[in-house]
Structure formats: C-alpha cells, structure tokens
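To start, the structure itself, in structure tokens.
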Number of protein chains: 2
Amino acid sequence: MERPTIHDVAREAQVSLATVDRVLNARGGVAAKSIDKVQRAVEKTGYVRDQFAANLSRGRGYRFVFLLPAGQSSFVRSLIAAIGDEAQRVRKDRINVDVRSSKTFDSAAQVAALRRIDPEQTDCAAVMVSDVPEVRSELARLRGAGVRILSLVSDVAAPGRDIYVGPDNEVAGRMAGSFMGRFMRNPIGSVLVIAGSLAARDHAQRLFGFRQVIASEFPGLNVLPVTEGFDDARRVAAIAQQAMADAPLMGVYAIGAGNAGLLSAMKNTNSAFRPVTILHELTDAARKGLRSDLFDLVIDQDPARAVTRAMSIMRDLADGATADAGRGDIPLNIFIKENVQ
Amino acid sequence: MERPTIHDVAREAQVSLATVDRVLNARGGVAAKSIDKVQRAVEKTGYVRDQFAANLSRGRGYRFVFLLPAGQSSFVRSLIAAIGDEAQRVRKDRINVDVRSSKTFDSAAQVAALRRIDPEQTDCAAVMVSDVPEVRSELARLRGAGVRILSLVSDVAAPGRDIYVGPDNEVAGRMAGSFMGRFMRNPIGSVLVIAGSLAARDHAQRLFGFRQVIASEFPGLNVLPVTEGFDDARRVAAIAQQAMADAPLMGVYAIGAGNAGLLSAMKNTNSAFRPVTILHELTDAARKGLRSDLFDLVIDQDPARAVTRAMSIMRDLADGATADAGRGDIPLNIFIKENVQ
DNA sequence: CCGAAAAAGATTGACGTACATCATTTTCGG
DNA sequence: CCGAAAATGATGTACGTCAATCTTTTTCGG
C-alpha cells in the first residue's frame, strides 16, 4: 500500500534504475522492448512521479510569467492583486511569479513584451493580449521554445496557446440578453449598448451573444447602434446621458469598463423610470450601483478564480501534463443586489 | 536572488542550523532571544519553508478524508466524481484522499463514521454532516487530536470546524427570491415552496433568505406554507401536482433535491400558464427543465469548485497555515437556459 | 563559584528523484 | 564471428529539510 518509487518500477520491469530513468525522462537510447517493460511496470505498480522529490532534485522551481495590459482598469488591478495573493500562497511550492504589463490594445507593445520573455527562464506564461497575427506568431515562437502559454480572460486563436483560461464571453452576452428581457415588465422598446472597443475579442463576443438572444427571444426590443466608450468613465457618461435624453430607454447593456460614468449618468437622470441596466465586472462603481438600485445585474468574471485556476493549470503544464480544453472554462458570477456585499 | 534556505537563516541569525530547526518546528528548548534572532533572520532573508523538501524529508504525504452522506443524490454523486478527479490530479503531490460515506440525516451514523477516522492516519477531514451537538462534539474531539476539519457545503457551528467551505445559503435564498419576483410580469399571487427537510441547515437558511426578500421587495406575493419533499422525486411530484391543482401558482421555489419530480409535474400540467420556477443544483433534471423552458433559473453550488477549493485549503491547513474565514466562501453559479450546456 | 539544567552547536542519515559518469553487456552489419 | 555501436547496468552526488544523537557552552540558583 506504500507509494511505489522508481526502485519498485525497476524491480518490476527487471531493468536497472538507469533505464527506468531514461524512459521516464525520455532521454532516448533505450530499446523499444525495454520502454515497453518499463511502461507496463509503471502501470502495474501504479507509479506516479513524486513531484516533490523531482523538483527538489532538479533544484528548480516553477517560473511563471503573467503578461497583463497596463493601465488602471479596475479589473486588471484586482487581477494583479489576486496574482499577488496567490503567488504568496504558493511560494512554499517553489513557484515564482513575475507580473509584467504591456500597453493596452497596443499589439506592438505586446509583441515587444513577449520578446522580453526568456524561454530559458520561463516555464509557463499566462497572457492577456490581443488576438492579432503578429502577437499570435510571437506566442507560437515562445511555445516552440518550450514555454507553455495560457491565454487569460481574452482568448487567442489556437496555435498561439496551450489553453484558454477564462469565461465564455458569448455565453456572457447571451445571459445579459436573457436577463435584460426577463427583468422587464413589458419588453418593448429600445436598448442602449455601450462597448469598450469592438476590436477587443471579448467585447465583440459578448455583443454577438447579446444580440442573438434579444433577436430570438425578445423581438419587441430594439438594440440601438452600438456605441464605444473605450473603457473611459467620462465618455461612457456622455454616451449614456445623450442616449437617455434622445429617447426613452428600456434597457442599457454596458459591455466594457468605465462604468463609474454610467453610474453618475443614472444618478443625474431625474426621470421616474429607470432602464434595466446590466453590466460586466464587479467594480466599486458596479457595487454601488447595485446597492442603490441603479444597476440591476452584474456579470462578473471573478479575477481571483481565474488566477487560481490559471496557476493550477500552469503547474500541471509545467509538470508535463497536457491541457484538456475544458479545464480552463470559468463560470461567470452573477451579482444582483442580494448577493453583493 | 536565490531562494534562501535554513542555512542562510542560520548564518544571518548567527545561530546553528539546529537552533533554526528548533525554532521553525517549535520543538522548544530555545531561549527567547534566539527565537527572536531567528525570526528576524527569517524576515530579513524572506525565507519560506520549501514544502517539497519538507515533505520529502518527513516521508509523509497528505492524508485527507472526505466524509459525505451516502445515497444517490445527484449532487453527492458529482461531488464524489469531482473528488476522484481532483485526487487523481494531486497524486503527484503526495496527496492521498479517502472518501467515506455515512447515512444521510442520521447523526448517529455520522458520529460513528467520525469515530472511525484515525487521527494518527489523517491530516485533514472535510465533512458534510448535520449541525447537531453530538456531531459537533465528535468533531471537536478530532480537532483536539490534531485533525483539521472543514465543513463542506453545509456548515457546522464554530468550535466543530476550522473553516467552512461552501456557499452562503442565506444569500442563495435571497437571490432566489429576487429573481422570482423580477421574472414575473406582475408579481402578485401565490408561491409554492418545496424544501427537502427543514432540519437541514442549508435548507432552512435558504428559506429564511427567500422569505426575507419576498416580504420586503414583493409584498404582492404570498408564500404558501412550506412543504417538505425529503429530496424524493415522487413526493416532490405529488406536492407540486397537488398545489397546482389547488390554486393558480405564480411561482415555485424548490429548495432541495428530487427535482426530477418537479420536472414531470410541470410537464403533465396542461395549463397555458407556467409558474416561475427556481431551484437548486444543476442536475440532469434541472438541465432538461431549463432547456425545455419548464424551469427558469437554477442556483448551483458547483461541486467541482467546492472540491478544488477544499483540497487547496486542506493542503494549506495541513502545512500549518491558519484558515482565514473568507477563504472558504464559494460563489453560487446561476444557470438559465442561455448558459446551460 | 560550583554544578545541574537549559540552551546551543555539530554532525549525520534519510527521503525520492535527477543527472552525470563509467563499466559492461547485447546487438548486428559486414 | 569480429568489432563498433547501441543498450543497459552500476554507482555516486546533489537538492533542502527533518529528526535524532551527541557534545559543548551558557545560565543561574543556592
């Protein structure tokens, strides 16, 4: 019942320790039949490499890099905080975490930041970058050099990463649409949509899902032409104020950041009727809005959770496991007044 | 920049390795000023015990026990499946997981199962048991014997456990209440509530939260006297069928399990109008109900997530960390038609 | 200031794996 | 069937900590 070691495997396979080592670490120079013997012995004994001992012996720890957009976005800030917390917690497991940032939405800066990642010094990198060709090819290069890549929160097309860790943004948009319609007494009228930038993959996906549901389930609702707030509170405020002045709104869907602006616009309105308001990310402004009944629902991708999950996957990838796709999916958290603290 | 070891600490503190060891492992027999010197050296060097080496040296792994209610409840089954998955994943970290079960709702059986946990063989136990005095005192005994205790999914009062890992069930009930009211075009009428058993702490908490919100936010809704379905599909079906026959229902809130019964009752109804239906746990029946528009919303406590979180906390507790309360809180997952796959 | 007790120092062998080196055996083409 | 190449065996050290043992120094009450 004791945990089997390589010695047990060697005995079982009737080969030497050295051969077992060669097979387990794929060093080559082993006859096919010996490889077979070892593999069968591994199965029979139920051997699993002791990662503690392996790491100790290698004298190596895990070297992880997080590459995030710079800027003071509340989401990114809490992402960074979560990474710090988690990094602290896993130091005892020899995990070293390095957080770097590159200019938001600037793919040249992202490529430069990626170039600065030394494959020799890095086991795994979690990146939150644009899904554009130049970034993708740089990611592919890193992967080729042995760095495992996670795309975090915003996905990158397949050859650029090992696995995506984050929520399904199209589903997020669909949920927004569904709640939007169902929260209305009578779902007929106009809905304002404020995106950050439609160049951001996650924003575009949310919009797509949202429109889909509104069109099929609530045909009485008219989605106004999408506006872009560029995640900036003042611009968002201006857009919202203007739209509410223009015509009565039944609903507002804020896809991106800058929702402090939305909050102030809502406050300033003196209409008795308030549109159903749904937004993303549980920021301070979002909390305030929910508590004061100005916002109805927030769809949140829990940064702490994404980080925990990412870190766990990174460890497994660094230990040589293969990434099964579903592992990175992160359910969205729904917040309403009742569960926001 | 290298990771500091006890040698570095010893040098920095100007004491011997043995003394550092005595301090770090609280073996006693060390002068106060030496303890102080070592602690300062630890701070200065940033030393963090290498858990790999420590475990290797101790020759010990982690021995965790999960104690769950027996029975074929879909939730418990997926909990068990999640434990199995996670156990597989962490074998490389020398974590051994033992899953045991005790009769549901039977506190005598729970106590017996707890007695069978050998403190010498167990570092940490995650238990899903009744919050009654005899169970609590047995848990306290185990804690006294050095076993760290997590209450899983359903909480146990403070002295019986180190930390609770699971959702806030009162909040869950409040959310159910809020969605219930908001999903109605005109929230006036009767709401049927089907609990499993009000002796179960989590069910009682959900009901409490639900009633609170309905009373304060939707005074037009009348919560009918609570029925108990004992998590049994046939009984739940009978209750629902009867209630729908008795009087028109605006809403149904199913607090417990057995919702395959609710599904069939809904199917069999030939009224054009369907009450807003909200339930807990994303079981197969719940999925079917959502897809076929018979159910409106499911509040799910993701078993896999609870297990992952529990396992991570168990490791930290076993490594000697103290449990900060908030760590075990697990957000609830909200499912509607749009995000159920 | 003596002597016992307390504190501190010194040393050593695990633990399971990685990795390197050197020796020995097997395989196989010509 | 010889000899080179391939395959395998044998062995030792290192990683950082724990735990045990033994020795030396310090402390402090009487």
Side-chain angles (χ1 to χ4, degrees), chain A residues 2-39 41-42 45-63 90-96 123 318-320, chain B residues 2-39 41-42 45-63 90-96 123 318-320:
Chain A
E2 271 299 286
R3 190 187 173 91
T5 73
I6 41 176
H7 293 82
D8 301 316
V9 174
R11 196 176 331 111
E12 180 67 35
Q14 313 221 48
V15 297
S16 70
L17 272 181
T19 301
V20 172
D21 179 63
R22 286 173 186 126
V23 173
L24 291 182
N25 296 292
R27 297 187 208 283
V30 184
K33 64 168 187 181
S34 293
I35 295 182
D36 207 58
K37 278 202 279 185
V38 170
Q39 281 171 344
V42 166
T45 56
Y47 171 81
V48 177
R49 169 194 267 116
D50 183 333
Q51 207 62 49
F52 290 141
N55 288 343
L56 181 57
S57 174
R58 281 202 183 94
R60 89 110 198 284
Y62 301 89
R63 297 152 310 174
V90 297
R91 272 209 62 190
K92 64 181 165 68
D93 292 344
R94 292 185 161 221
I95 296 178
N96 275 18
D123 299 306
D319 286 345
Chain B
E2 272 298 285
R3 188 186 174 92
T5 74
I6 41 176
H7 293 82
D8 301 315
V9 174
R11 197 180 326 113
E12 180 68 33
Q14 313 221 47
V15 298
S16 71
L17 272 181
T19 300
V20 172
D21 179 62
R22 286 173 186 127
V23 173
L24 291 182
N25 295 292
R27 296 186 210 282
V30 184
K33 63 167 188 184
S34 292
I35 294 182
D36 208 59
K37 277 202 281 187
V38 170
Q39 282 171 344
V42 166
T45 57
Y47 171 80
V48 176
R49 167 193 270 117
D50 184 333
Q51 207 61 50
F52 290 142
N55 289 342
L56 181 56
S57 173
R58 281 202 183 95
R60 90 115 197 296
Y62 301 88
R63 296 152 309 174
V90 296
R91 272 209 63 187
K92 65 181 165 66
D93 292 343
R94 290 184 163 222
I95 295 178
N96 275 17
D123 298 306
D319 285 346

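Nothing here was measured: the structure is a model prediction, and the numbers come from that model. Throughout, a chain's letter reflects where its sequence line sits, starting with A, and its residues are numbered from 1.
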How long is the span from the NZ atom in A:Lys92 to the CG atom in B:Asn55, to the nearest 0.5 Å?
-> 8.5 Å

Atom CZ of B:Arg94 and atom P of D:dC18: how far apart are they, to the nearest Å?
-> 13 Å

Sort out the partner of C:dT17 for me: Watson-Crick or G-U wobble, both distances under 3.5 Å, none otherwise.
-> D:dA14

Length of the line joining B:Asp21:CG and C:dT12:C1', which is rounded to integer Å | 13 Å

Check whether any side-chain nitrogen or oxygen of B:Thr19 sits under 4.0 Å from OP1 or OP2 of C:dG9, and answer yes or no.
-> yes

Could you state the CG-C1' distance from A:Leu56 to D:dC18, rounded to the nearest angstrom?
-> 12 Å

Can you name the one residue among A:Arg94, A:Arg58, A:Arg63 that meets salt bridge (charged side-chain N to carboxylate O under 4.0 Å, His left out) with A:Asp123?
-> A:Arg63

Using Watson-Crick geometry (N1-N3 plus N6-O4 or O6-N4) or G-U wobble (N1-O2, O6-N3), each under 3.5 Å, C:dT25 is paired with D:dA6

Please examine the side chains of B:Val48 and B:Arg3, heavy atoms only from C-beta on, and report whether any two atoms are closer than 4.5 Å.
-> yes

Over how many whole Å does the gap from A:Arg91 atom CZ to D:dG16 atom C1' extend?
-> 14 Å

d(CG, A:Leu24; C1', C:dT17) in whole Å = 10 Å

Whole-Å distance between D:dT8 C1' and A:Asn25 CG?
-> 16 Å

Starting at the 5' end of DNA chain C, which residue's closest nucleotide do you reach first, A:His7 or A:Lys33?
-> A:His7

Atom pair CG/CZ of B:Asp50 and A:Arg91 - distance to nearest 0.5 Å | 10.5 Å

Using the closest heavy atom to pick a nucleotide of DNA chain D for each, name whichever of A:Val30 or A:Arg58 lands nearer the 5' end.
-> A:Val30

Choose from C:dA10, D:dA19, D:dT17 the nucleotide whose nearest atom is closest to any side-chain atom of B:Ala18.
-> C:dA10

C:dG9 phosphate, OP1 or OP2: any side-chain N/O from B:Ser16 under 4.0 angstrom?
-> yes

Side chain to side chain donor-acceptor pair (under 3.5 Å) partner of A:Arg49, the single match among A:Asn25, A:Asp319, A:Thr5 | A:Asn25

Quick one: pull up CG in B:Leu17 and CZ in B:Arg22 and give me the separation to the nearest 0.5 Å.
-> 10.5 Å

Please state how far atom NZ in A:Lys92 lies from atom P in D:dG16, giving the value in whole angstrom units.
-> 18 Å

Would you mind reading off the distance between A:Arg27 atom CZ and D:dA7 atom C1', rounded to a whole angstrom?
-> 16 Å

Under 4.0 Å between a side-chain N/O of B:Arg22 and OP1 or OP2 of C:dA8, yes or no?
-> no

What residues in residues 47-55 of chain A put a non-hydrogen atom under 4.0 Å from any atom of DNA chain C?
-> A:Tyr47, A:Arg49, A:Asp50, A:Ala53, A:Ala54

4.5 Å side-chain heavy-atom contact, B:Val90 and B:Tyr62 = no

Residue B:Ser57, side-chain atoms from C-beta onward, closest of C:dC15, C:dA8, C:dA18 | C:dC15

